[in-house]
Each structure stands twice: as structure tokens, then as C-alpha cells.
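Quantities reported herein were computed from a predicted structural model and do not represent experimental measurements. In what follows, every chain begins at residue 1, and chains take the letters A, B, ... in the order their sequences are listed.
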Protein chains: 2
Amino acid sequence: MKAANKHTKIIHAATKVFAKKGFFNARISDIAKEAKVADGTIYLYFNNKFDILISVFEEEIGALIEQVKKLLSTEDDPRKMIEIFTRNHLSVMKKNKHLAEVIQIELRQSAKLIKDYRNNKFSEYVDIISSIIKLGQERSIYRATIRPGIAKRAFFGALDEISRVWTVGIATDYTVEEATQQILDIFLCGILEPDAPCL
Amino acid sequence: MKAANKHTKIIHAATKVFAKKGFFNARISDIAKEAKVADGTIYLYFNNKFDILISVFEEEIGALIEQVKKLLSTEDDPRKMIEIFTRNHLSVMKKNKHLAEVIQIELRQSAKLIKDYRNNKFSEYVDIISSIIKLGQERSIYRATIRPGIAKRAFFGALDEISRVWTVGIATDYTVEEATQQILDIFLCGILEPDAPCL
DNA sequence: ATACAATAAATGAATAGTCATTCATAATAC
DNA sequence: GTATTATGAATGACTATTCATTTATTGTAT
């Protein structure tokens, strides 16, 4: 089997296992079993257990960034752009529960787990939000008093917590589309210029 | 030393150690050292390591609930109530970094760590937000189309992510008061009746 | 007061189980 | 036949929990 192939297989297996058991309860042998390789094989592709986790972040979030950037590239209206980001994030998180769990839980620990790992990809992802807000401000669509660096966190935090319900498995009484509409309703009307039409 | 005293000492020590090292990297001996008791003493007050973590949640969040409910009891305007909740949450999280870290990181894992623990206290805390929203809707201050069950999560998620910056130790370029104003600006204008004055 | 016993609280070294990582060996490819 | 890739049992380090022992507290009789 080609190396790249096995590398990817291990990443996907690790995402699944980390999501199910959490980083610390995940055994290397669990990941090996899931990927259908020997325990030792994993060490041909990764330096250690932390390295696997970092790679999961980098590659899975990297793919997410590519996907949403591609979707956004065809749109010019900052209002629609926020809508696209929201719907994409929520639907990916609802569909790909393993990735959702890793982002929601393991990513938060990473600073504590691994010194000198800065989550560059994650920052890049969240910064997409602030760049949309800035664009909207330049065009006087979003209010100038909104601070993009704060709003991006508020917005991402809201999406993250909304989608957390789906992974935790609480009886979910709302769909992706309903959640998207509510988020847009709350946020857009909050960050639109006062005299702009609200939705 | 009185029993209740030692119990509390261990809880505080555990909060500190869990915050610094995370649940899995925290050794019982670390907690014992921090609390200035012997390792074995901890097992006179708690059944096991998980039990310590659950007690940290219940007691620390319990105190937080008491505090914010007391503050809210003197206020009647749903707009002011949201403001009080926001300012209180952010300032507690900025001051009590240990608690903040435990809530932001360990609490999220708890469902995976400990079967049949439902985070009742945490739900109770977040439900304060939805009850404020409902109150505002009854009085036609908040729009009826807002779903309190979704909005409470969006709101809490925003606060949580905003305050996460302070614990992670990223160079923070905003104060509690600035963050509070931004959050209120974004959310209140979003959930206020369209013809109501925006801030 | 004082001595003694009984109970409760606290200690920390020893146990027992868990797993990440290594590496001698085997299989496969070239 | 050499190089590359894969294997999985063995190693070694780590730590939650236990429990035999010590120390402190309380009660009682003299």
C-alpha cells in the first residue's frame, strides 16, 4: 500500500477513536485496530501520540478551510457570506460528528497538552469570520463599532455551542436549517447597519 | 481540622490542579500536595478521581449560580438582566481562571469521562439565559421569533469563547467591560423588537 | 485534673494494572 | 538479493487506589 494512503487511513481512524474515547482514553492499539495496521506501523508515520492529534487538527481543519473558502469565493455579499459560513459549519458538524467532537473537545485541550503548538489552522478558520466582518464594514453593511476580533469569537462560540448539542446526543429539537436561520437572525440584525433591512 | 473544611480545601486544590494540568495529567498526589494532605486522605472524602471532578463542577458552578441569581433578583428589566449576566460571567471568568479553565475544558469532556453524569448544575446555569429571554418575550421586549432554547446556547457559547482568550493567555486586547459592551451590542440589537431602541 | 480506653482521622509506602513506545524479525516490493 | 515497509510481543515507566499503621480526638471513671 502506498504511504500516503496509509497515513490518511491512520488520520481518519484516529479522528474516529479520539472522538469516541477522547485523547487520553484512546489507546494506540485502538487506532491501529481501527486503521487495520499493526501498533508499530503507526510509529512509521507519526512520532508519537501527540503528533497524531496535531495531524488530525491540521489535516481535518485544513480540509474544512479549503471547502468553505471555495464556497465563499463565488459570493460577494458579506451578508450571504456569513450565511454560507454558518450553514456550512453547522451542516459539516452535524454530518461529521467525529470531527465535531475533536474540534469541540480535544482542540481546546491542545494548548495544555502540547506546548508550542499554536493551532494555526484553527485560527485561520476562525479568522475567516473576522475577514468577512471587515469586508462588510468597508462597504458600510456592518456597523463600524463592531470589533471584528471580538465578534469573530462570539460568532464562532455560538456556532460551536449550537452544534455541540448534536454530538453530545441531547434530544435535538432543531435542524441545521432552523439553527442557521436563528443564528443569522440574532447575529445579522445585530451587526447590520441600523437602517439596513433586517433579513 | 473539621471535615467540611478539609473537603473544601481539597475541592479548591483540585480545581487549581485540574486547571493547570487537565484532568488526566493531574495526579492525586498533586492534588494532595496542593491541599496539604496525604494522598490517602483524599479517599476519605471522595470515592475516586472522577468523583472529585464532579464535586468541583457541582460546588463551583453551584456557587456561581447562587451569585448571579442574587444579582438578578434585584432587577426587573430583561435588557438589564442580560447585561448583568454577561458582565458577571465575564468578570468571574477573568478573575477565577482556574474555574474558567475547568468549565471551558474539563466540563466538556465530562459526558465522555463519566457515564450517567448529566451536568445538572451546568444546565441550570445556562437555563438562566433562556428564562431571561422568555421573560423578555412575554413583555414584548424580545422578538417572539427567537427560540430561547437555541438563543441560550448561542449566547453562552459566545461568552464562553470570548472568555477563553483570557485563560489561554493569548495577548488579550480587550477588557471585561469592552467585551461586555460588544456582546450586548451584538446580541441585544439582534434580539430586541425591531422598533425598540437599540441600546 | 489525670489516666486510660475507644473511636475517628490521617498517613504514605506498596500493589496492581495500564499502555506508549521500541525493536528484532518477517513480509513485500523493486 | 537488497531495500523498504510492516509486524506485534516485550519493555519500562507511570499512578490510582488500598490498607496496615500512626496520630489525634473524645469520653469516662477515678
d([atom1], [X]; [atom2], [N]) in whole Å:
X      : N       : atom1 : atom2 : value
K6(B)  : dA10(C) : NZ    : C1'   : 6 Å
Y45(A) : dT21(C) : OH    : P     : 18 Å
I42(A) : dT21(C) : CD1   : P     : 10 Å
I28(B) : dC14(D) : CD1   : P     : 18 Å
K49(B) : dT18(C) : NZ    : C1'   : 13 Å
N25(B) : dT18(C) : CG    : P     : 19 Å
F50(A) : dC19(C) : CZ    : P     : 15 Å
K36(B) : dG12(C) : NZ    : C1'   : 19 Å

State which of [options] makes the closest approach to the side chain of [X].
X      : options                  : result
T41(A) : dT5(D), dT21(C), dT7(D)  : dT7(D)
A38(A) : dT15(D), dG8(D), dA10(C) : dG8(D)
Y43(B) : dT7(D), dT21(C), dA16(D) : dA16(D)
D39(B) : dG12(C), dT7(D), dT21(C) : dG12(C)
V37(B) : dA6(D), dT11(C), dT21(C) : dT11(C)

(message) Using 30° and 60° as the class boundaries, would you call the ring planes of F46(A) and H7(A) parallel, tilted or perpendicular?
(response) parallel

(message) Parallel, tilted or perpendicular: which one describes the rings of F23(B) and F18(B), with boundaries at 30° and 60°?
(response) tilted

(message) Is the distance between the ring centroids of F57(B) and F122(B) under 6.0 Å?
(response) no

(request) Tell me which of L44(B) and F23(A) sits closer to the 5' end of DNA chain C, going by the nucleotide each one is nearest to. (result) L44(B)

(message) Is any side-chain heavy atom of Y45(A) closer than 4.5 Å to one of I52(A)?
(response) no

(request) Using a 4.5 Å cut-off on heavy atoms from C-beta on, say whether the side chain of E83(A) contacts that of R87(A). (result) yes

